[in-house]
Participant: 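Once you've had a glance at the structure underneath, I'll fire off some questions.
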Amino acid sequence: MNEIIELINKANHEYYILDNPTLTDQEYDRYMQELIKIETQHPEWVRDDSPTKRVGNEVISEFKKITHEKPMLSLSNVFNEEEVRLFDEKIKKELIPKYVCELKIDGLSVSLLYEQGKLIRGATRGDGITGEDITHNVKTIKSIPLKLKNPLDIEVRGEIYMSKSSFNKLNELRKKNNEELLANPRNAAAGSVRQLDSKVAASRKLDCFIYHLPNPENYNIKTHYDSLKFMKDLGFNINPNIKLVNNIDGVIEYINEWTDKRDTLPYEIDGIVIKTNDFDQQNKLGFTSKYPKWATAYKFPALEVLTKLKDIIFTVGRTGQVTPNAVLEPVRLMGSVISRATLHNEDYVLTKQIKIGDTVAIRKAGDVIPEVVSVKKERRTGIEKDFVMTDICPICHTKLEKKDTAYYCVNNNCDKKKIENLIHYVSRDAMNIEGFGDKIIEDFYNMGYLKNIVDFYELFKYKDELMELEGFGSKSITNLLNSIENSKNNSLERLLYGLGIRYVGNKTAKILAKYYNNMDNLIKATYEELLNIKDIGEAIAASLVDYFKDNNYVIEELKKRGLNMTYLGKVDVNEEFKDKTFVLTGTLKNITRFEAKEKIETLGGYVTDSVSKKTSVVIVGDNPGSKYNKAQNLGLTIWNEEQFLTKISK
Ligand code: IVH
């Protein structure tokens, strides 16, 4: 039995820590079966470090409290380069440090106690002084050795975490079983080790990195970096991305490197930990009541923050869709103050069980529009109010109509719809008429100058009047009118997109403009013809036919005012670009991203945001982000700026 245990432990170490298995799965299973057989026949022989302990057959009745021999401290935080340098300045007042840089693993900290090389206790941090005994769960984690290479008495500390892929698999399974989804890998890991029945932890594929040795003097170890090597040799899982650097510039470099590469890791990190390497120096610097002064954590900018949802209001969009919006207690998020966030639609609010008065987590969707992600139900006080979707338009009070999950104001004369349409018409990707802010459009609408898009081309008649308006001068009005005049020469796809036809985004507009070449051809196209075009589906086709049935007069009026109705882009596309998808990353020196995108599209290509197997080419500028690494990993075609410029000039 002892021989088998040694073999299995060795195999586990090779598999889970060295990533270099030498046993086949079948051989491993055979040894396990044999061990189980012996243990059932001779329960009195079962060893505490037996690998069968990992399968999760232990149920405890309560979590025992334990007291940490040395308190488990937390780390102070810094949030930007300046604060990182300040941390270094303070240290340098006393000594000249070297630093160890580590990834800050987003999980929960654990203390592991070994006696004579055998794992005897695993405990949570708790309040730092007392934690909870989670030995039964810790034993199920395969990257935590049950027996060390040397029979030492030792405590080590580290982080239990769940990989992104295990987390996703777990949530997929929960979805299938109609169970509530877990918010993030950290919660999933924490929830797993706080179970009385170790079957749960065993089923959840947890992992562990060790990063701290509380009593290095016992083993005559002088530096943190050496302690990591020492723990590695004992059989612990140490993160491979740890780096010893000579000074703070090295730390900043490490931070920048991992800020970029963060997404390529198979687990989540929420920052970088910076530790003074030399233990004598650590002792000299000492502790505050809460933190070691010799270490700190650089935290990545928060992608999500908590705030109070004070009210839910309704807004009307260009298509007439009425959307619930959260009115929030203002909070800072990624550099701006947020007081509104979208709640998308009725289903979204009901599925997430959002109530007025809740504490909610918000984040920027696609880094731009803030949205409410989740509710902190545990913070409810009982006075929260249920959400009720409105059934009338908040602007014109027309009864709303429901289509799928969305509610629409169907009144074509609804003021808000019209204003939003006008705003859309001038926007950059549409007619790109410069000088109009949302507020000016709204004012001009309310004053009667702008009732529909045709009115843009009538504005010149009121030039003198407009110049008298507060906030305008002759220069700004002249610029505005010039910009309107110039918009008449736009290529067809801009106008098509600007009309605000439902489901016709700028990409679809371009496909249609290229295909039909002019407006008349497009207007004549039947539903069936439209469906034959690649990338045009039923919804778009039906929407186009509908639009032209009711709005032909708008097109006629625009024609009368001299608007171009033809596609002006190149029709003979470049084979290197035609029907291919491109992703841009990093800073381009000789061309803006916007210009690059336009260029690629005129040559028949498409530009998307994220790299996947389907991406044809990734164009890489200076300081590229994680997209570059991903492209390399996937073996995609990569062009630098120079190559790109040569190809577009052909
Ligand atoms: S060192 C006295 N190193 O971050 C030193 N902590 O915000 C104690 N963490 O409580 C911690 N990765 O749970 C250290 N490489 C790392 C870490 C790390 C994640 C966690 C740990 C700690 C928290 C502090």
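If you're wondering where the values come from, they're calculated on a predicted model, not measured in any experiment. Numbering of ligands and ligand atoms starts at 1, following listing order.
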Participant: With side chains defined as the heavy atoms from C-beta onward, is the minimum distance between H68 and S111 less than 4.5 Å?
Facilitator: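 Of all side-chain heavy-atom pairs linking S111 with H68, at least one is under 4.5 Å.
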Participant: Just checking Y99 against Y254, ring centres under 6.0 Å apart?
Facilitator: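 Ring centres of Y254 and Y99 not closer than 6.0 Å.
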Participant: Show the atoms of ligand 1 that are less than 4.0 angstrom away from any heavy atom in E102.
Facilitator: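 With E102 as reference, the close atoms of ligand 1 come out as 3 (N), 15 (N), 16 (C).
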Participant: N/O to N/O below 3.5 Å, does that happen between L73 and ligand 1?
Facilitator: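 No; the residue has no nitrogen or oxygen that sits under 3.5 Å from a nitrogen or oxygen of the ligand.
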Participant: Quick test of your reading of the structure: of Q282, K275, H212, whose heavy atom lies closest to atom 1 (S) of ligand 1?
Facilitator: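 The option holding the nearest heavy atom is K275.
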Participant: For ligand 1, is there an atom lying under 4.0 Å from some heavy atom of L103?
Facilitator: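 A heavy atom of L103 does come that close to ligand 1.
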Participant: Could you tell me, atom by atom, which parts of ligand 1 come under 4.0 Å of a heavy atom of P292?
Facilitator: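 Checking each atom against P292, I get 2 (C).
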Participant: Side chains of E14 and N9: closer than 4.5 Å at any heavy-atom pair?
Facilitator: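 Counting from C-beta outward, E14 and N9 never come under 4.5 Å.
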Participant: Looking only at protein heavy atoms, which one is nearest to atom 20 (C) of ligand 1, and what is the separation?
Facilitator: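 So the nearest neighbour among protein heavy atoms is E159 OE1, 3.4 Å.
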Participant: Taking only heavy atoms of V273 into account, list the atoms of ligand 1 that are under 4.0 Å away from them.
Facilitator: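 Within the 4.0 Å cut-off of V273, ligand 1 contributes 3 (N), 15 (N), 16 (C), 17 (C).
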Participant: Looking only at the side chains, is there a donor atom on one of N239 and N241 sitting less than 3.5 Å from an acceptor on the other?
Facilitator: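 The criterion, which ignores hydrogens and geometry beyond distance, is satisfied for N241 and N239.
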Participant: Under 3.5 Å, is there a donor on one side chain and an acceptor on the other for E268 and Y161?
Facilitator: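 Looking only at side-chain atoms, Y161 and E268 do not form any donor-acceptor pair under 3.5 Å.
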Participant: Salt bridge or not between D358 and R380? Use side-chain N to carboxylate O under 4.0 Å.
Facilitator: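 Salt bridge flag = yes for R380 with D358.
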Participant: Return the closest protein heavy atom for atom 24 (C) of ligand 1 as residue, atom name and distance.
Facilitator: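 In this structure, atom 24 (C) of ligand 1 has L75 N, 3.7 Å as its nearest protein heavy atom.
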Participant: Would K104 count as being in polar contact with ligand 1, using the rule that some N or O on each side must be under 3.5 angstrom apart?
Facilitator: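 Checking ligand 1 against K104, an N or O pair does fall under 3.5 Å apart.
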